[in-house]
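Keep in mind that the numbers below use all heavy atoms, side chains included, and drop hydrogens, waters and symmetry copies. Letters go in sequence order (proteins before strands), and every chain restarts at 1.
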Amino acid sequence: GAVVSQHPSWVICKSGTSVKIECRSLDFQATTMFWYRQFPKQSLMLMATSNEGSKATYEQGVEKDKFLINHASLTLSTLTVTSAHPEDSSFYICSARDRVSGGDKETQYFGPGTRLLVL
Amino acid sequence: AQSVTQPDIHITVSEGASLELRCNYSYGATPYLFWYVQSPGQGLQLLLKYFSGDTLVQGIKGFEAEFKRSQSSFNLRKPSVHWSDAAEYFCAVFGAGSYQLTFGKGTKLSVIP
């Protein structure tokens with residue numbers, strides 16, 4: 001149980017284009033999803049917290065207009081990197097909390113990540 | 001604000017040897033603590049977690065961790081390491097006030113056959 005998927009697993013795009021990354025909870029309903037960014041050989045940095053049906057909460061220093069987050073259903077959150085530039089190249093990982101089925105509020109289940117390369 | 005320190009950036013052990021990965025946390029109240037493992041190019045898999053109760057927590061893949069409040073530590077252990085355990089290990093603390101996980105910088109484990 002508690003499986004989270006991400007699509008695509010990797011993407012290469014040209015500078016200036018937009019890229020959408022999907023995060024799905026496959027066997028549970030996730031009222032809250034999180035988006036992280038991980039640079040090579042570094043830890044995870046929380047970008048934003050996404051609550052179903054409401055606006056995402058962004059961490060300090062994360063551009064809201066550049067990283068658009070939508071959490072339209074209890075099983076899907078999307079991260080859109082708008083007008084991507086080479087410095088946006090990174091590994092993006094989502095996670096989800098299972099609250100609906102009685103899961104604890106503290107445990108997050110992580111997706112496999114999406115590697116973005118902007119040329 | 002909570003913080004997590006993993007003092008060892010890289011550890012190398014021989015297959016079959018015992019393993020201990022260190023984790024120290026800073027948090028004002030009773031912490032909720034986690035260990036995750038990340039294989040190259042993959043997401044994070046939950047190994048174990050501590051919320052309350054018995055301070056020795058058993059996890060998947062033969063891992064265990066011990067919570068020591070007096071030392072603000074939550075070290076991960078395994079009695080006999082397998083080559084497949086080679087990966088990056090992250091310790092994390094959950095902040096009840098922020099509802100967020102704060103991760104340490106990770107420890108890379110290499111296993112010598």
Side-chain angles (χ1 to χ4, degrees), chain A residues 1-11 21 23-26 28 30-51 56-60 62 90-99 103-117, chain B residues 1-11 21 23 25 27 29-53 57 59-60 65 67 74 87-110:
Chain A
V3 179
V4 177
S5 70
Q6 278 184 245
H7 178 80
S9 56
W10 60 271
V11 57
I21 302 170
C23 177
R24 293 181 184 273
S25 56
L26 298 184
F28 66 99
T31 53
T32 305
M33 289 183 170
F34 303 86
W35 287 95
Y36 294 85
R37 185 173 179 176
Q38 186 179 32
F39 292 101
K41 299 184 180 180
Q42 294 191 26
S43 188
L44 283 74
M45 289 178 47
L46 180 65
M47 298 174 65
T49 301
S50 168
N51 290 298
T57 303
Y58 291 81
E59 294 302 298
Q60 190 173 9
V62 178
S90 191
F91 193 54
Y92 293 88
I93 306 176
C94 73
S95 70
R97 278 205 303 245
D98 177 5
R99 289 298 311 280
D104 61 78
K105 63 180 181 298
E106 295 83 6
T107 302
Q108 293 180 24
Y109 299 94
F110 286 80
T114 296
R115 188 162 300 283
L116 170 63
L117 177 60
Chain B
Q2 65 262 25
S3 66
V4 177
T5 301
Q6 293 181 245
D8 304 305
I9 297 174
H10 190 186
I11 285 182
L21 302 182
C23 171
Y25 68 89
Y27 186 64
T30 299
Y32 298 115
L33 296 160
F34 302 80
W35 274 100
Y36 286 89
V37 60
Q38 183 181 34
S39 297
Q42 300 294 316
L44 275 68
Q45 181 180 21
L46 178 66
L47 283 177
L48 47 78
K49 59 187 177 183
Y50 170 79
F51 288 176
S52 65
V57 181
I60 62 172
F67 170 62
F74 188 55
E88 188 93 20
Y89 291 80
F90 292 95
C91 180
V93 62
F94 175 83
S98 63
Y99 284 85
Q100 293 176 1
L101 276 179
T102 299
F103 287 88
K105 293 188 175 182
T107 298
K108 182 179 180 180
L109 173 66
S110 296

Colleague: Keeping the roles fixed (side chain from A/W35, backbone from A/C23), state whether a donor-acceptor pair exists under 3.5 Å.
Modeller: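 No.
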Colleague: Should the pair B/F103 and A/F110 be assigned to parallel (<30°), tilted (30 to 60°) or perpendicular (>60°) ring geometry?
Modeller: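 Plane angle over 60°, so perpendicular.
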Colleague: Where does B/Q38 contact chain A at under 4.5 Å (heavy atoms): side chain, backbone, both or neither?
Modeller: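 The side chain, not the backbone.
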Colleague: Got a sec: does the NE2 of B/H10 have more than 12 other heavy atoms crowding it under 6.0 Å?
Modeller: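 Yes, the 6.0 Å shell around NE2 holds more than 12 heavy atoms from other groups.
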Colleague: Is a side-chain N or O of A/T32 found less than 3.5 angstrom from the main chain of A/R97, in a donor-acceptor match?
Modeller: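 It does not hold such a pair.
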Colleague: For the backbone of A/G113 and the side chain of A/Q6, can you confirm whether one donor and one acceptor N or O come within less than 3.5 Å of each other?
Modeller: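 Yes; at least one donor-acceptor contact below 3.5 Å.
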Colleague: Please state whether the rings of B/Y36 and B/F34 are parallel, tilted or perpendicular, taking 30° and 60° as the class boundaries.
Modeller: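 Judged by the thresholds at 30° and 60°, the geometry between B/Y36 and B/F34 is parallel.
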Colleague: Are there residues of residues 41-48 of chain B whose heavy atoms fall under 4.5 Å of chain A's heavy atoms? If so, which?
Modeller: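 From residues 41-48 of chain B, the residues near chain A are B/G41, B/Q42, B/G43, B/L44, B/L46.
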